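Here's the structure, in structure tokens; my notes come after.
Note that the coordinates shown come from a computational prediction; the quantities given were computed from them, not determined experimentally. The sequence lines fix the lettering, A, B, ..., with proteins before strands; numbering per chain opens at 1.
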Amino acid sequence: MRFDLGDEHSLLRSSTRELLEQEAPLSEMRSVMEQSIEGYSKPLHSKLGDLGYPGLLLPEADGGMGPIAFAVVLEEMGRVALPGPFLDQALAVWLLAACENKVAAEWCRRAAKGDTLVVLARREWGARTARSVATPSFSDGRVRGRATFVPFGAQADALLVETNEGLVLAERPGTGWEAQDLPTLDHAQRFAEIELDVAGALVADSSTARSALAKIDPLAALGAAAMLLGVMDRALEVTTAYLSERSAFGAPIGSFQALQHRCADMLLQTESARSAVYRASWAAESGAPDDAYLAAVAKAYAGPAARFVCGQALQLHGGVGFTWEYDLHIYLKRTKTLEQFHGSTGSQIEAALLLRDAQ
Amino acid sequence: MRFDLGDEHSLLRSSTRELLEQEAPLSEMRSVMEQSIEGYSKPLHSKLGDLGYPGLLLPEADGGMGPIAFAVVLEEMGRVALPGPFLDQALAVWLLAACENKVAAEWCRRAAKGDTLVVLARREWGARTARSVATPSFSDGRVRGRATFVPFGAQADALLVETNEGLVLAERPGTGWEAQDLPTLDHAQRFAEIELDVAGALVADSSTARSALAKIDPLAALGAAAMLLGVMDRALEVTTAYLSERSAFGAPIGSFQALQHRCADMLLQTESARSAVYRASWAAESGAPDDAYLAAVAKAYAGPAARFVCGQALQLHGGVGFTWEYDLHIYLKRTKTLEQFHGSTGSQIEAALLLRDAQ
Amino acid sequence: MDLGFTAEQESFRIEVRDWLAQNLERPWRVESRDPSHDADSLVEVRRRWQSRLNDAGYLGMSWPQEWGGRGASEVEQAILQEELIRADAPGIVNGLGLGLLAPALIHHGTEEQRRRFIPKMLSAEEIWCQGFSEPGAGSDLAALRTQAEPDGADYRITGQKVWTTFGPWSDWIFVLARTDPEDRHGGISFFLVPIDQPGVEVRELKQITGHSEFGEVFFDGALAKGEHLVGKVGEGWRIAMTVLGFERGAASLAPPASYERQIDGMIAALRETGEYENPSVREKVGQLLVENEVMRANGMRTLATLASGQAPGPESSIEKIYWSEFHQRLTDTALDLLGPKAQLEAGPQGALQDVNWGYEYLWSRAGTIYSGSSEIQRNIIAKRVLHLPTAR
Amino acid sequence: MDLGFTAEQESFRIEVRDWLAQNLERPWRVESRDPSHDADSLVEVRRRWQSRLNDAGYLGMSWPQEWGGRGASEVEQAILQEELIRADAPGIVNGLGLGLLAPALIHHGTEEQRRRFIPKMLSAEEIWCQGFSEPGAGSDLAALRTQAEPDGADYRITGQKVWTTFGPWSDWIFVLARTDPEDRHGGISFFLVPIDQPGVEVRELKQITGHSEFGEVFFDGALAKGEHLVGKVGEGWRIAMTVLGFERGAASLAPPASYERQIDGMIAALRETGEYENPSVREKVGQLLVENEVMRANGMRTLATLASGQAPGPESSIEKIYWSEFHQRLTDTALDLLGPKAQLEAGPQGALQDVNWGYEYLWSRAGTIYSGSSEIQRNIIAKRVLHLPTAR
């Protein structure tokens with residue numbers, strides 16, 4: 001047994017960190033998030049495409065590196081709270097490959113290189129507050145209906161739409177489709193509600209779709225959990241540094257025991273999330289029978305943990321943490337997005353119960 | 001508006017405290033709880049009867065003093081973690097009076113003087129873990145069936161049994177009935193499971209019973225909440241005293257900020273419980289339309305609050321708090337009994353929601 | 001014990017309700033949600049509303065009659081605040097001025113200062129902001145370093161203040177500044193400083209909510225006239241600490257009234273989707289309701305204590321911790337239960353009722369920091385209420 | 001990263017399982033629940049069980065071969081512990097002796113001490129208890145005041161120890177005692193003291209669970225022979241701190257295995273009453289399951305770190321806090337969900353499955369206090385892991 005990363009994954013971590021520090025420091029990404037229409041850096045995503053990152057989850061023969069690598073990369077992206085559809089794109093690439101369909105394969109190839117953005121439109125998204133969710137339907141070569149909370153739906157070149165008939169690939173028509181922004185409190189993660197009535201291709205029938213989607217859920221949970229880990233890891237790092245510098249009542253505030261114990265709790269939750277995420281990534285990598293269960297566990301734990309850590313990070317910074325200028329709120333907000341999507345905490349807990357019973 | 005107690009209630013508090021400190025100090029009650037068969041001091045309960053305490057909730061003309069007085073007395077009893085069926089008895093006295101029935105009135109008179117012990121056998125008790133609860137039934141002048149988790153059922157002279165037909169008063173026959181002890185972790189509060197097949201008198205038909213029981217529930221909640229308040233108040237008092245005396249690492253441990261903040265949280269919950277209990281008692285006293293709602297609120301808050309306070313009291317005492325000899329565990333255990341009976345926390349929360357909607 | 005209101009108090013409540021029904025422009029909240037809406041218009045809404053409240057005699061009700069008082073007790077003020085919140089009225093623009101500065105002037109100011117400043121503060125003709133906190137002096141307020149150097153009979157102020165609510169729209173600022181660098185508490189004095197002068201620069205301070213009703217104020221030799229020193233030199237700390245405790249009772253019913261509106265909004269949204277039937281959802285909502293009702297009990301207790309002529313002690317720290325931490329639990333739970341749609345602002349995507357949950361979630365983070373952080377409040381409780389020993 | 005077990009490790013697990021199936025007397029737990037059952041019989045059960053484990057070579061597996069070792073790594077030890085718990089085996093009687101004293105002797109003792117004490121400690125012929133804590137020295141262990149006065153080549157021990165597990169049944173006690181009152185850490189030495197002598201009195205110490213497996217030990221000039229000093233004079237603190245960190249890996253899978261049994265017991269009881277269908281119940285149980293699984297992940301990480309030859313640092317404080325506080329959450333939730341019936345001991349009233357929840361609820365209160373309280377563990381994390389500044 002060993003817990004630390006092997007050479008290959010360590011190299012991936014350090015090169016990813018270097019890349020992100022150089023190309024996507026939060027100081028620069030701030031202006032992209034706040035000012036660009038798409039909300040993220042397209043050049044960076046192109047570069048990630050050139051380097052093969054979106055295809056991380058593909059089989060090794062197709063340039064993939066496996067779930068541990070996937071978790072390592074997402075953790076690093078969490079540390080800089082990277083804006084953009086990277087996770088959604090990587091999941092869509094995997095799904096396109098899993099369709100085993102020619103049209104899908106072509107889009108998969110392009111999406112894996114970062115040339116186009118394909119994202120998945122799931123039925124469940126937004127369902128929590130809608131009594132009935134209208135599922136888009138597919139007939140006569142067209143997909144019709146409303147997809148909601150589609151991540152970066154207004155920026156996507158194509159959607160992979162979950163319908164009762166299966167997965168439908170719908171390319172954005174020249175005139176554009178009706179995509180309406182759904183601004184959430186995390187302004188850096190864009191969502192859209194899309195009225196669809198466009199030509200599409202059925203790339204997976206309902207049974208293929210079902211089994212592929214059942215496999216994408218744990219991968220999505222793992223990716224989101226890894227990103228949450230990076231988010232809280234960085235928030236804690238920033239906080240302990242601040243507590244060592246800042247003084248009040250004649251002492252560095254990090255010497256006050258009540259604050260020290262708070263930081264200890266933040267570390268406990270951060271390191272526990274790390275154990276859970278790494279264990280889930282290892283289970284997925286080694287094809288363990290409990291991989292889906294462990295992914296649900298990791299996501300169910302990491303969400304509330306990151307919420308606690310980021311909330312306390314703000315609290316321990318006092319007023320300055322409440323300023324827009326300071327970065328901490330980006331982490332707090334990203335936590336909320338990651339917690340609510342890719343299977344909310346409540347749904348992951350229920351999934352963990354069901355998956356355990358099924359083992 | 002004024003929050004502090006008026007003269008009458010202040011006098012009641014001080015005389016009750018004096019009485020309990022003299023007649024029922026925990027140091028003496030410990031041996032009664034641990035060694036006597038009935039688990040409480042019968043002489044003390046006789047004395048309480050002589051002084052009219054069991055009739056606290058009766059109309060003023062019959063010697064009652066009203067809900068504020070009831071809460072004041074129960075709070076004081078909580079402070080010494082008084083063992084015994086006082087609360088159950090006071091509730092039974094009120095209920096017997098509410099039956100407006102001759103047989104009941106006679107038992108009420110005797111129970112109010114403390115001459116006999118009458119307790120209520122509710123249908124719901126113990127229901128949480130039993131798929132179906134066998135309700136005792138009444139026919140041909142006999143009550144038959146099983147009553148469970150009857151408080152001090154093995155010690156009672158008579159039971160007031162909730163049946164589908166109404167409230168039945170069943171006197172313990174000379175040969176005794178089948179009462180089996182149900183030992184819980186609070187060894188000082190006794191419960192019994194009783195197999196009934198005895199003569200009884202229907203003292204309230206089902207409609208009278210329903211409306212009386214609907215009124216007894218909030219009073220039970222108020223009484224239990226008041227007792228919980230006394231329990232946590234005393235646990236906090238003992239803890240702050242200990243923290244000021246005990247030293248470690250060259251300083252009184254009460255000077256450590258992490259422990260200070262814990263105590264601040266204990267105070268917050270204790271004083272908030274006080275506000276809630278007093279407000280509920282005032283609402284009941286003044287016949288406010290939201291009296292039942294506020295009683296549910298007080299009990300729903302006081303249970304978890306006392307659990308927190310007593311749990312922390314043990315923690316802050318370190319090893320000594322874990323010894324049988326020290327009194328703190330009595331408080332911890334009493335909290336658990338009070339939390340689980342008289343409407344568990346979960347059921348009080350639901351009651352609060354329903355009562356609020358009904359207003 | 002008597003936690004009820006008198007007949008007079010109940011009829012005052014009816015009077016307020018009637019007045020609100022006739023005077024409150026309902027669409028203000030809708031207007032403030034409009035994306036084109038900006039901070040200027042929010043301040044204008046608050047200014048207009050304050051002026052209207054003042055005309056009706058609802059400001060400074062407990063002050064001496066000549067300064068707008070009407071002999072009202074804390075109870076009437078609390079009733080007013082509760083009704084304002086229930087009616088979803090906007091805030092006023094001079095909240096800190098009326099809450100902190102006016103009492104300071106009434107108790108510690110000169111007659112000239114009262115005449116000069118109080119009427120226009122009431123009418124909102126002049127907007128005031130508070131200059132206490134500094135970048136290096138937040139929880140440890142006495143560490144403030146803004147200097148006041150004597151200049152003849154006047155003073156020159158140099159330094160920086162932060163978290164000045166409505167700073168960018170203010171005409172005046174009341175400032176704690178250091179007149180003696182050696183004396184931690186006794187070296188602080190209390191000044192009134194006009195903002196429209198060369199030595200003062202105000203910058204907007206954008207918060208994590210995206211709004212900027214706070215500002216930073218930079219002083220570079222700004223003039224504070226000698227006649228605008230409140231109290232004596234070196235009395236600033238004492239005056240500030242005294243007035244920070246004022247008007248406490250008036251606010252004691254406001255938080256539970258406000259959060260009850262939010263809980264009701266959540267329940268309405270949950271009923272709409274049918275999720276209110278789910279036992280897990282009911283338990284969480286019920287728990288919030290219970291905690292909010294207990295907060296109201298705490299508020300009634302504070303109010304009753306004040307009304308019977310007793311001063312509540314540092315137990316007010318309990319109320320501060322309670323409402324601020326409760327608001328975080330409330331918004332946390334609401335976002336969990338309502339899902340991402342709850343974050344959407346008003347619009348065709350079906351925003352949820354009256355409550356902007358995304359905003360509330362973020363805003364709730366401020367409550368545990370400002371006006372004495374939760375950590376400071378717990379220190380106060382440990383020392384002044386529980387009398388636990390001090391570290392050596 | 002590799003969190004899997006090797007084929008050898010997996011086959012060791014099978015070996016253990018097979019052995020347990022043939023050697024574990026199942027009714028021991030039933031027996032221990034019998035009201036007539038007393039602490040004597042519990043100790044006897046543990047003594048017999050330890051002896052059987054020792055005969056099978058399952059004790060001291062990682063020690064040098066001559067002291068019973070079989071070259072096992074932390075992983076095999078962890079597997080053994082996990083399987084013992086899954087099989088619901090009783091504990092052993094010399095747990096602290098084997099976990100703390102034996103490593104101390106192996107690393108710091110003399111050859112004579114090892115020969116004299118280790119074999120009988122393994123076979124449970126001699127029972128050992130630990131004499132570290134004192135009434136005035138718990139969290140602040142170095143404040144201990146038990147004295148060891150030289151008496152020729154020997155020592156006379158005077159003082160009091162508490163929380164000596166199985167003290168009333170022990171033959172020997174290993175004691176930290178003060179040989180220099182001036183030197184806080186360097187004035188502490190490590191002694192082996194026979195209990196059956198005039199200067200030693202042992203009293204039972206009843207716990208809040210009603211059980212008394214702990215004791216208090218009073219020394220009044222008790223004899224500790226010079227040859228029974230472990231290490232040199234003044235090395236006691238260092239030796240104790242070193243051995244407290246031993247065998248950590250072996251225990252890292254035990255708590256989640258134990259709590260999983262309890263969770264499964266709760267689920268079975270909830271299924272029986274149909275309440276497991278209630279979403280509120282499912283969410284609470286699921287939350288516990290998630291937290292327990294994360295605890296297992298932490299344990300696997302510690303184990304993997306040790307197995308790859310790295311020493312885990314003070315991060316082990318995280319594990320201590322986690323399992324002890326989790327156990328409180330678990331038993332709290334169980335009593336809430338299962339109601340008062342869960343507290344009933346076995347009997348006709350229908351006690352719930354294998355778990356004595358009332359006992360577990362009370363016992364869980366000890367875990368956050370012993371072996372370094374949660375407060376001490378958080379201090380350690382703040383200082384040694386996060387390197388936060390020390391108060392001046």
Side-chain angles (χ1 to χ4, degrees), chain B residues 1-6 9 68 236 240 243-244 250-257 259-269 271-283 285-286 288 290 293-294 296-302 304-305 345-346 348-354 356-357, chain C residues 1-6 9 73-75 78 249 263 267 276 279 282-310 312 315 317-319 321-322 325 374-375 377-383 385-392:
Chain B
M1 291 178 95
R2 65 180 300 144
F3 183 73
D4 52 2
L5 299 175
H9 293 134
I68 294 178
L236 174 57
T240 53
L243 292 184
S244 302
I253 61 176
S255 69
F256 294 122
Q257 196 191 28
L259 309 195
Q260 292 189 337
H261 282 200
R262 204 88 55 80
C263 288
D265 286 331
M266 292 163 77
L267 182 79
L268 184 148
Q269 297 200 23
E271 291 306 316
S272 298
R274 186 184 309 287
S275 304
V277 167
Y278 287 16
R279 182 179 173 209
S281 74
W282 181 82
E285 182 107 357
S286 61
D290 56 356
Y293 165 68
L294 291 174
V297 164
K299 173 73 164 66
Y301 186 85
T345 302
Q348 295 292 1
I349 289 175
E350 179 64 23
L353 281 181
L354 293 173
R356 182 170 181 264
D357 282 350
Chain C
M1 198 184 332
D2 177 7
L3 298 177
F5 298 109
T6 64
Q9 288 161 348
S73 73
E74 289 88 351
V75 180
I263 293 172
I267 291 176
Y276 196 52
R282 288 182 73 78
E283 191 171 16
K284 286 172 187 164
V285 173
Q287 177 64 31
L288 292 171
L289 190 73
V290 163
E291 290 181 23
N292 195 54
E293 206 58 65
V294 173
M295 193 190 330
R296 182 176 283 128
N298 277 336
M300 291 172 73
R301 173 179 176 179
T302 299
L303 193 58
T305 303
L306 285 163
S308 59
Q310 293 162 283
E315 293 90 340
S317 291
I318 289 177
E319 285 190 75
I321 296 175
Y322 199 126
E325 297 188 351
S374 290
E375 288 77 16
Q377 304 296 350
R378 287 190 168 87
N379 285 347
I380 292 173
I381 291 174
K383 280 167 198 154
V385 187
L386 294 171
H387 306 293
L388 287 167
T390 307
R392 277 173 275 179

Measuring heavy-atom distances to chain C, does [X] have an atom under 4.5 Å in its side chain, in its backbone, in both, or in neither?
X: B:Asp357; value: side chain
X: B:Leu243; value: both
X: B:Gln348; value: neither
X: B:His261; value: both
X: B:Leu294; value: side chain
X: B:Phe256; value: neither

Exercise for review: Go through the steps to decide whether B:Asp4 and C:Gln310 satisfy the test side-chain contact (heavy atoms from CB on, under 4.5 Å), and finish with yes or no.
Suggested key: CA-CA 10 Å; B:Asp4 52 2; C:Gln310 293 162 283; 3.6 Å; yes
Review point. So, for B:Ser281 and C:Met1, which heavy atoms are closest and what is the spacing to 0.1 Å?
Key: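 Closest pair (atom of B:Ser281, atom of C:Met1, distance): OG-CE, 4.1 Å.
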**Study point:** Heavy-atom closest pair, residues B:Ser272 and C:Val294
**Key:**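 Minimum heavy-atom separation between B:Ser272 and C:Val294: O-CG1, 3.5 Å.
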Practice item. Would you confirm whether B:Gln260, through its side chain, and C:Pro389, through its main-chain N or O, come within 3.5 Å as a donor-acceptor pair? Key: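 Answer holds: yes.
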**Study point:** Check: B:Arg279 side chain, C:Asn298 main-chain N or O, donor-acceptor pair, under 3.5 Å
**Key:**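 Judged by distance alone, no pair lies under 3.5 Å.
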Review point. With chain B, which of C:Gln287, C:Glu291, C:Met295 has the greatest number of heavy-atom pairs at distances under 4.5 Å?
Key: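 Highest number of heavy-atom pairs under 4.5 Å: C:Gln287.
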Point to revise | Heavy-atom pair count under 4.5 Å with chain B, highest-scoring of C:Gln9, C:His387, C:Glu375, C:Glu283 | key: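 Of the candidates given, the most pairs with chain B belong to C:Glu375.
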Check your understanding: In terms of side-chain geometry, is the basic nitrogen of B:Arg356 or C:Glu293 positioned less than 4.0 Å from the acidic oxygen of its partner?
Key ->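 Salt bridge absent between B:Arg356 and C:Glu293.
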